[in-house]
4 protein chains.
Amino acid sequence: MAFTSVQKIRFDDVDGAGIVYYPQFFRLCHAAFEDFFDTAAPISYPELIRDRRLGFPTVAIESRFDAPLEYGDVAVVELVIERVGRSSVDFKYTVRRRRDGVHSFQAKITTVLMDLDTRKPVPLDAELRMILEQSLAGSPHSPSDG
Amino acid sequence: MAFTSVQKIRFDDVDGAGIVYYPQFFRLCHAAFEDFFDTAAPISYPELIRDRRLGFPTVAIESRFDAPLEYGDVAVVELVIERVGRSSVDFKYTVRRRRDGVHSFQAKITTVLMDLDTRKPVPLDAELRMILEQSLAGSPHSPSDG
Amino acid sequence: MAFTSVQKIRFDDVDGAGIVYYPQFFRLCHAAFEDFFDTAAPISYPELIRDRRLGFPTVAIESRFDAPLEYGDVAVVELVIERVGRSSVDFKYTVRRRRDGVHSFQAKITTVLMDLDTRKPVPLDAELRMILEQSLAGSPHSPSDG
Amino acid sequence: MAFTSVQKIRFDDVDGAGIVYYPQFFRLCHAAFEDFFDTAAPISYPELIRDRRLGFPTVAIESRFDAPLEYGDVAVVELVIERVGRSSVDFKYTVRRRRDGVHSFQAKITTVLMDLDTRKPVPLDAELRMILEQSLAGSPHSPSDG
């Protein structure tokens, strides 16, 4: 049930120690999230923001960095939806290096559907819930619990 | 008449060749532009955007890169206003390395005052014109020509 | 015992939803980490990397995002050292908005002293240990436990 | 003879005015430059840097911004090689918006082949010269002039 996005490490993704700057891993995750929307949903993430004034800001992160990426690497980013709550959605991301398959990074990122004008959480509507639940880890048999 | 902003090169400003990534020089310039507004104007640049829905997007650049910056360097960014037109303003930026005073970069950046909602150029009002002309290279005696 | 670094939110720190892009919070933390070194240590972080080929890559993050930052905000970043182990150091960061003092973000970031050439962890030497332990939360009375 | 690279505008490419931050256009150009190397050359740009310690730092830019890009846009970046000198190479980049074909940006970017250790320009070797000249605007009939 995982969605995969493949992304080249670019010339400016590295830091002063010569490896990918650790906050860039979250940029890789966000790009995978955007690609997931482009692929799985009838509305893109930019459209959700512009037309419906909704977004999924991040409210919590737990992550682990296991092996560095370097300039020239290609990142294989995997996105799995772990939990769909009333307003919140937990995404699990893993990043592997394409050259050797080594596991580089993983994160659990909790987001909340927010009205961008009021800045308050709003419940997922039926369409967003369906899109997300279809991609739940273990679906179609695992119910949402949140 | 120059305005100076001093900025540390940060851990993620470098590129895969180990020197400051060239587009970051424009980030240094923009930070100096923001600092200029914070210092010289009664309204900050964020307030100009949010409250008056005006901005100064860049329409042209001519620039030269003379010596690299490295991680650990401190950039001394100098901003001079070269020309104030009806809607357009030309800024000249120079960047020197603090450690040795070496000239690293210079750019002429042309901006236009734009209404952010209509996306059309608008004439500078009297207040913005005054702020900018006071900082004109060679002022108070050099009239604007644009 | 906290170290504080004050940083302006810049024009490019925001995202497509108009608030500070969440990975930028880690950039704010890293800048505070660099400023801490510049202030507290006899060697800057760039010198540690260049001259001694040592660095503190991040190996784990736990973080929470409580209130957004916007363009025009000033971030007050507080760094506290929570634990100094044999090779690992846990930093706790909190970010508040200067305009209203609202707590925006907190993170526990675990780093490991690494030899940048071998890419292996190395024990903290006496000097680095002393610098870090002097800034331990609760020091001078709290011993390190790691 | 143009090389084309298609790139999604990402969530963090915008600025506080809600359009793509102008230095990001140079990031788009550099990504196209990297993609050109991946496609046209027997060695990738990361390999050129790592294995041969050579790079093409930018020494001059002339550019014009004609229409903004927004979050959700897809950038069509076209790279043409305009001149191959002894050490220097001039690239011309144009960026169009995919949704409407509107011309957004163009730049002439002059680079110099540099030894990354000595930081001195070095002449293009026969292989690099051949790769670049094959992609010269107007080639195969236009000789290099530099």
Side-chain angles (χ1 to χ4, degrees), chain A residues 12-31 33-34 37 44-50 52-70 88 91 93 102 104-120, chain C residues 12-31 33-34 37 44-50 52-70 88 91 93 102 104-120:
Chain A
D12 59 336
D13 286 332
V14 299
D15 61 27
I19 55 178
V20 169
Y21 186 50
Y22 76 86
Q24 294 299 99
F25 282 89
F26 299 107
R27 196 178 190 273
L28 297 174
C29 293
H30 203 280
F33 169 83
E34 296 173 66
F37 253 83
S44 74
Y45 194 57
E47 289 166 337
L48 188 73
I49 288 174
R50 191 186 59 222
R52 299 187 52 193
R53 299 295 297 148
L54 295 173
F56 283 99
T58 292
V59 295
I61 292 176
E62 285 173 39
S63 66
R64 222 177 63 203
F65 302 76
D66 291 330
L69 296 179
E70 296 177 7
S88 69
F91 295 87
Y93 295 92
V102 163
S104 175
F105 169 82
Q106 70 181 55
K108 177 179 158 187
I109 297 185
T110 302
T111 65
V112 169
L113 184 65
M114 191 174 82
D115 180 308
L116 295 175
D117 295 317
T118 65
R119 298 261 168 95
K120 300 249 181 277
Chain C
D12 60 336
D13 286 331
V14 299
D15 60 27
I19 54 178
V20 169
Y21 186 50
Y22 76 86
Q24 293 299 99
F25 282 89
F26 300 108
R27 198 180 190 269
L28 297 174
C29 293
H30 203 280
F33 170 83
E34 295 172 67
F37 253 83
S44 73
Y45 193 57
E47 288 166 338
L48 188 73
I49 288 173
R50 191 186 59 223
R52 300 186 51 192
R53 299 293 299 147
L54 294 173
F56 283 99
T58 292
V59 294
I61 292 177
E62 285 173 38
S63 67
R64 222 177 63 202
F65 301 76
D66 292 330
L69 295 180
E70 296 177 8
S88 69
F91 294 88
Y93 296 91
V102 163
S104 175
F105 168 83
Q106 69 181 55
K108 177 179 159 186
I109 297 184
T110 302
T111 64
V112 169
L113 185 65
M114 191 175 82
D115 181 307
L116 295 175
D117 295 318
T118 66
R119 297 260 168 97
K120 300 248 182 276

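What you are looking at is a predicted structure, and each value in this text was computed from that prediction instead of being measured. Here is how names work: the chains are called A, B, and so on, in the same order as the sequence lines, proteins then strands, and each is numbered from 1.
Contacts with chain C were tallied for Ile61(A), Thr110(A), Leu116(A); Ile61(A) has the most, counting heavy-atom pairs under 4.5 Å. Note: Val59(C) leads Val59(C), Asp66(C), Ile49(C), Asp15(C) in heavy-atom pairs under 4.5 Å with chain A. Each of Met114(C), Glu70(C), Lys108(C) has some count of heavy-atom pairs under 4.5 Å with chain A, and the biggest count is that of Glu70(C). In terms of non-hydrogen atom pairs under 4.5 Å with chain A, the most contact-rich of Gly16(C), Ala60(C), Ser63(C) is Ser63(C).
Remark: side-chain polar atoms of Ser104(A) are paired, donor with acceptor, to backbone N or O of Ala67(A) under 3.5 angstrom. Remark: side-chain polar atoms of Glu47(A) are paired, donor with acceptor, to backbone N or O of Ser44(A) under 3.5 angstrom.
In this structure, no portion of Phe105(A) lies under 4.5 Å from any heavy atom of chain C. In this structure, the portion of Pro68(C) lying under 4.5 Å from any heavy atom of chain A is its side chain and not its backbone. Heavy atoms of Arg53(C) lying under 4.5 Å from chain A are absent altogether. For chain A, the nearby part of Ile109(C) is the side chain; its heavy atoms alone come within less than 4.5 Å.
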**Item:** Evaluation steps, side-chain contact (heavy atoms from CB on, under 4.5 Å), between Leu28(C) and Tyr93(C)
**Value:** CA-CA 10 Å; Leu28(C) 297 174; Tyr93(C) 296 91; over 6 Å; no
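Counting heavy atoms from C-beta on, the side chains of His30(A) and Tyr45(A) come closer than 4.5 Å.
Relative ring orientation between Phe65(C) and Phe26(C) is described as perpendicular, the plane-to-plane angle rising above 60° on a 0-90° scale split at 30° and 60°. Ring geometry, Phe56(A) versus Phe37(A): the interplanar angle falls from 30° to 60°, so the pair is classed tilted.
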